Amino acid sequence: MKKMKKRLLALSASLCILAGTSMTASAETVVWDARVGGLCCKQEDGTLVTNRWVHDDFSELWFYFGADGTDIAAYQKQPCPILVGPDGTIYADARVRSATGQPGQQPVFSLPSTQKDLRYQGLRQTLDSLPLYPDASTGRPKLDALLDDIFAQIITPDMDTHDKLKACYDYLICNIKDGRYEEIPGAYFEYEIEMGPEAMHIYNTAYVTLLTKEGVCDDFSGTFAVMAWKLGLPMYVVGGVTTKSGGGYTPHAWCQMDGPDGTVYVFDSHIDYLNTLRGNGTLSNMRFGPTQAQVAGKYAQIHIMFDYD
């Protein structure tokens, strides 16, 4: 589901360049049609295909067309179930969002929110409408035990997805320290990292960060992503540069999540950790879920460091 909209726009742009050129799929044809405002599939009699997948031989992709015969931004290498979220949003259930789930794993949806806050209304609606594929396990028993203990402390069954994710975010800000900005008395540095081809895997980063209660921006971001995956959200870690308080840019890592409409949400617990320090302990959530447009100019040279794919 993530990045599907972006890929569709790129594909549609290519089709505009090839205006008048169709992609054939047996007796059916996938075309760009200005009258429907995008891709559609015309049958031999000229009517539009609706509510089903169509295989296109040219691109070797499967396209799903909705009730009105227009593409719903769903195209895959293989057909997959089509889901409808509580808000009516249509999703292509393209893959299991859990590293430990099984093919065909059914998604779960958020409880309805009981909050009336306006500041997070848009983000809350997005988070609460997403189909969730929670990680059953990270594959590391010690990390699982740490996460289970933390979640038992900060998450209650009546929370919606938004408040569960924010509880994870606030936990990192309040409990993880950066030794460059404050002292860490009695820090526990004796830990074991499982050796092997994944010795530097992001799960190990999360384990060490939660165990030692110390980290830098990479550790804050990696750990937040792992916690989000435990909730079932499609969070990913990106790197680049961010603005400094004294001017200019500095290397940095943070998290992002793509909404179903293509909106990119930013989650930067390390920046809010620093803002909390500067505010003498007043908890900052300024970088909890703003859109890229809302933090325009704050980040640059963005590249994906670790995704779920």
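Small disclaimer: the values here were computed from a predicted structure and weren't measured. Computed over heavy atoms, backbone and side chain alike; hydrogens, waters and symmetry mates excluded.
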What verdict does the salt bridge (charged side-chain N to carboxylate O under 4.0 Å, His left out) test give for Lys164 and Asp128, after you've listed the backbone C-alpha separation in whole Å, the side-chain angles of each residue and the deciding distance to 0.1 Å? CA-CA 10 Å; Lys164 289 178 180 179; Asp128 290 355; over 6 Å; no

In chain order, what residues pass the ring pair (Phe, Tyr, Trp, His ring centres under 6.0 Å) check against Tyr299, with sequence neighbours excluded? Trp254

Distance from Asn285 atom CG to Asp170 atom CG, nearest 0.5 Å? 4.5 Å

Any sub-3.5 Å donor-acceptor pair from Asp219's side-chain atoms to Val216's backbone N or O? yes

Any donor-acceptor N/O pair, Ser269 side chain to Leu172 backbone, under 3.5 Å: no

For Pro234 against Met257, the heavy-atom pair lying closest together: O-CG, 3.6 Å

Assign the ring pair Phe224 / Phe267 to parallel, tilted or perpendicular, where the plane angle (0 to 90°) is split at 30° and 60°. tilted

Step through it carefully: locate the ring centre of Tyr169, locate the ring centre of His162, and say whether they are under 6.0 Å apart. no

If you round to the nearest 0.5 Å, how far is SG of Cys168 from CD1 of Ile173? 11.5 Å

Applying side-chain contact (heavy atoms from CB on, under 4.5 Å), run through Tyr207 and Arg140 and close with a yes or a no. CA-CA 9 Å; Tyr207 175 65; Arg140 288 159 174 74; 5.8 Å; no

Show which residues join Tyr249 in its hydrophobic cluster (side-chain heavy-atom contacts under 4.5 Å, direct or indirect), or state none. Val241

Measure the OG-CZ distance between Ser110 and Arg124 for me, rounded to the nearest 0.5 Å. 9.0 Å

Would Lys230 and Asp144 pass as an ion pair if we require N to O under 4.0 Å? no

Find the distance between CG (Leu233) and OG1 (Thr126) and round it off to the nearest 0.5 Å. 11.0 Å

Is there a donor-acceptor contact under 3.5 Å from the side chain of Thr50 to the main chain of Gly69? no

Ring-plane angle category for His252 and His270, please: parallel below 30°, perpendicular beyond 60°, tilted otherwise. tilted

Kindly say whether Ala67 contributes a backbone atom to a donor-acceptor pair with the side chain of Asn51 at under 3.5 angstrom? yes

Are Asp33 and Lys42 ion-paired here, with the side-chain N under 4.0 Å from a carboxylate O? yes

Indicate the atoms forming the closest heavy-atom contact of Val226 with Leu147, along with that distance. CG1-CD1, 4.0 Å

Rounded at 0.5 Å granularity, tell me how far OG1 in Thr242 sits from NZ in Lys244. 11.0 Å

Asp272 side chain to Asn275 backbone, donor-acceptor under 3.5 Å: no

Which heavy atom of Ala225 sits nearest a heavy atom of Ile202, and at what distance? CB-CD1, 4.5 Å

